[in-house]
Novice: 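To start, I am sharing the structure in question, which I have written as structure tokens.
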Amino acid sequence: QIMDEVKEGIKYIFQTLNDATMCISGAGHSGMEAALCNLIEDGDVVLMGITGVWGHRAGDMARRYGAEVHYVEASFGRALSHEEITFAFEGHRPKVFFIAQGDSSTGIIQQNIRELGELCRKYDCFLIVDTVASLGGTEFLMDEWKVDVAYTGSQKSLGGPAGLTPISFSKRA
């Protein structure tokens, strides 16, 4: 009963109906690891949106899973534009796109997640969103924005105990 209640609470904070929504033990890195290892196969093209350190960290993980990793990087102090990301999609045709909604290393909020969900659908690409530093502090609508995998950390904006990582996988993922 407690686990069911926790699952329903996590669904609420992500604004999703995904059945594959759960809480795993570990820091936000465990969510990043779970998202990447469950979507990447050897040789897949993965595109990392970079607004700080977390996209690079995800790129290192993806490379260890055998992905061909590419980056689209914002200049310091700003988010990525839809045009920059679209250009990178056209050049690389990724299977997976990763972006941090809020990057704690720079304080940048990536506001155009809704548009990115549409872009990923257009290119038949999975969208992974790191919400560790943003969920609970800014709007996030997983289902409406067509996000395939999202994870967060309990100790940041949510203000919960450290060491819990809520994660949700869409049916598509």
Side-chain angles (χ1 to χ4, degrees), residues 11 13-21 28 31-63 65-152 166-173:
K11 285 178 163 184
I13 61 171
F14 281 125
Q15 291 295 288
T16 187
L17 299 175
N18 294 333
D19 286 331
T21 299
M32 183 184 288
E33 189 90 28
L36 294 169
C37 78
N38 279 291
L39 294 183
I40 295 173
E41 295 179 13
D42 196 35
D44 284 346
V45 174
V46 177
L47 181 63
M48 301 295 171
I50 309 293
T51 57
V53 301
W54 301 113
H56 288 291
R57 186 76 49 88
D60 290 343
M61 283 185 190
R63 192 171 290 106
Y65 286 117
E68 178 185 322
V69 178
H70 299 277
Y71 300 93
V72 55
E73 192 161 354
S75 59
F76 185 77
R78 67 174 194 79
L80 286 160
S81 71
H82 186 71
E83 292 75 23
E84 289 169 315
I85 296 169
T86 301
F87 183 77
F89 266 70
E90 290 169 356
H92 300 297
R93 304 284 177 171
K95 177 186 174 191
V96 175
F97 178 62
F98 170 93
I99 192 137
Q101 182 187 29
D103 194 299
S104 59
S105 70
T106 58
I108 297 299
I109 294 288
Q110 188 69 41
Q111 296 286 352
N112 61 350
I113 304 296
R114 175 192 305 268
E115 295 171 1
L116 300 180
E118 291 293 335
L119 182 67
C120 285
R121 286 306 198 307
K122 177 181 174 184
Y123 284 87
D124 194 27
C125 173
F126 294 116
L127 174 58
I128 300 173
V129 180
D130 174 320
T131 67
V132 171
S134 59
L135 193 69
T138 192
E139 183 177 49
F140 185 77
L141 306 171
M142 186 170 183
D143 290 355
E144 186 176 323
W145 295 351
K146 298 180 174 78
V147 175
D148 293 298
V149 182
Y151 62 90
T152 193
I167 189 167
S168 184
F169 291 86
S170 72
K171 287 182 182 179
R172 204 173 91 91

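Treat the numbers as computed from the prediction; the structure is a model and nothing was measured. These numbers come from the heavy atoms of this one structure, side chains and all, not from hydrogens, waters or symmetry mates.
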Novice: So which atom in I167 and which in A34 form the shortest heavy-atom distance, rounded to 0.1 Å?
Specialist: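 Answer, listing the atom of I167 first, then A34: CD1-CB, 3.8 Å.
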Novice: Indicate yes or no for a side-chain donor-acceptor contact from D130 to the backbone of V132 under 3.5 Å, with no hydrogens or angles considered.
Specialist: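 Indeed, once roles are kept as given, a pair shorter than 3.5 Å links the two residues.
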Novice: What distance separates K11 NZ from M142 CE, expressed to the nearest 0.5 Å?
Specialist: 11.5 Å
Novice: Are any side-chain N or O atoms of S105 and backbone N or O atoms of V53, one a donor and one an acceptor, separated by less than 3.5 Å?
Specialist: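 Judged by distance alone, yes, a pair lies under 3.5 Å.
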Novice: Are F14 and T131 close enough that some pair of their side-chain heavy atoms sits under 4.5 Å apart?
Specialist: yes
Novice: Examine distances only and state if a side-chain atom of D44 and a backbone atom of I40 form a donor-acceptor pair shorter than 3.5 Å.
Specialist: no
Novice: Answer yes when D60 and R63 have at least one side-chain N-carboxylate O distance shorter than 4.0 Å, and no when they do not.
Specialist: yes
Novice: Could you note down all residue pairs passing ring-ring contact (aromatic ring centres under 6.0 Å, His included) where residues 98-134 supplies at least one of them, sequence neighbours left out?
Specialist: F89-Y123
Novice: Apply side-chain contact (heavy atoms from CB on, under 4.5 Å) to residues L119 and I85 and explain how you reach the verdict.
Specialist: CA-CA 9 Å; L119 182 67; I85 296 169; 3.6 Å; yes
Novice: Within the 4.5 Å heavy-atom criterion, are I13 and F140 side-chain neighbours or not?
Specialist: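 Not touching, per the 4.5 Å side-chain cut-off.
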Novice: For Q15, give me all partners under side-chain hydrogen bond (donor to acceptor under 3.5 Å, both in side chains), at least two apart in sequence or on another chain.
Specialist: none
Novice: Can you name the residues that form a side-chain contact (heavy atoms from CB on, under 4.5 Å) with E84, not counting sequence neighbours?
Specialist: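 E84 satisfies side-chain contact (heavy atoms from CB on, under 4.5 Å) with V72, R78, L80, S81 only.
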Novice: Return the OG1 to CG distance between T152 and L135, rounded to the nearest 0.5 Å.
Specialist: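 These two atoms lie 4.5 Å from each other.
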Novice: If you measure from CG on L116 to CG on L127, what distance do you get to the nearest 0.5 Å?
Specialist: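 So the gap between those two atoms works out to 6.5 Å.
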Novice: Between the side chain of T138 and the main-chain N/O of S134, is any donor-acceptor distance below 3.5 Å?
Specialist: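 It does not hold such a pair.
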Novice: Using a distance-only test with no angle check, is there a side-chain donor-acceptor pair under 3.5 angstrom linking D42 and Y65?
Specialist: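 The criterion, which ignores hydrogens and geometry beyond distance, is not satisfied for Y65 and D42.
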Novice: Below 4.5 Å, heavy atoms only, C-beta onward: do V46 and P94 meet side chain to side chain?
Specialist: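 Side chain of V46 against side chain of P94, heavy atoms only: no contact under 4.5 Å found.
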Novice: With rounding to the nearest 0.5 angstrom, report the NZ to NZ distance, K122 to K146.
Specialist: 14.0 Å
Novice: How many angstroms lie between atom CE of M48 and atom NE2 of H70, to the nearest 0.5 angstrom?
Specialist: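 The CE atom of M48 sits 10.5 Å away from the NE2 atom of H70.
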Novice: Identify the two heavy atoms, one from G28 and one from Y151, that lie closest to each other, and give their separation to 0.1 Å.
Specialist: O-CE1, 3.5 Å
Novice: For the side chain of Q110 and the backbone of D103, is there at least one donor-acceptor N/O pair under 3.5 Å apart?
Specialist: no
Novice: Is it true that D148 and K171 have a side-chain N and a carboxylate O under 4.0 angstrom from each other?
Specialist: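 Salt bridge between D148 and K171, a charged N being under 4.0 Å from a carboxylate O: no.
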Novice: Checking N18 side chain against S168 main chain: does a donor-acceptor pair fall under 3.5 Å?
Specialist: no
Novice: Can you see which heavy atom on A173 is nearest to which on V149, and at what distance?
Specialist: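 Looking at all heavy atoms of both residues, the shortest contact is CB-CG2, 4.0 Å.
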Novice: Is the closest side-chain donor-acceptor distance between D143 and T16 under 3.5 Å?
Specialist: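 T16 and D143 do have a side-chain donor-acceptor pair below 3.5 Å.
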Novice: Evaluate salt bridge (Lys or Arg N to Asp or Glu O under 4.0 Å) for D124 paired with R93, printing each intermediate quantity in order.
Specialist: CA-CA 9 Å; D124 194 27; R93 304 284 177 171; over 6 Å; no
Novice: How long is the span from the OH atom in Y71 to the NE2 atom in H92, to the nearest 0.5 Å?
Specialist: 11.5 Å
Novice: After noting the C-alpha distance and the side-chain angles of I113 and Q111, does the key distance pass the side-chain contact (heavy atoms from CB on, under 4.5 Å) rule?
Specialist: CA-CA 6 Å; I113 304 296; Q111 296 286 352; over 6 Å; no
Novice: Between T106 and T51 (side chain of the first, backbone of the second, donor and acceptor by atom type, cut-off under 3.5 Å), is there such a pair?
Specialist: yes
Novice: Of all the heavy-atom pairs spanning I109 and G102, show the shortest one and how long it is.
Specialist: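 Looking at all heavy atoms of both residues, the closest pair is CD1-CA, 3.8 Å.
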Novice: Check the pair F169 / N38 against side-chain contact (heavy atoms from CB on, under 4.5 Å), numbers first and verdict last.
Specialist: CA-CA 10 Å; F169 291 86; N38 279 291; 4.0 Å; yes
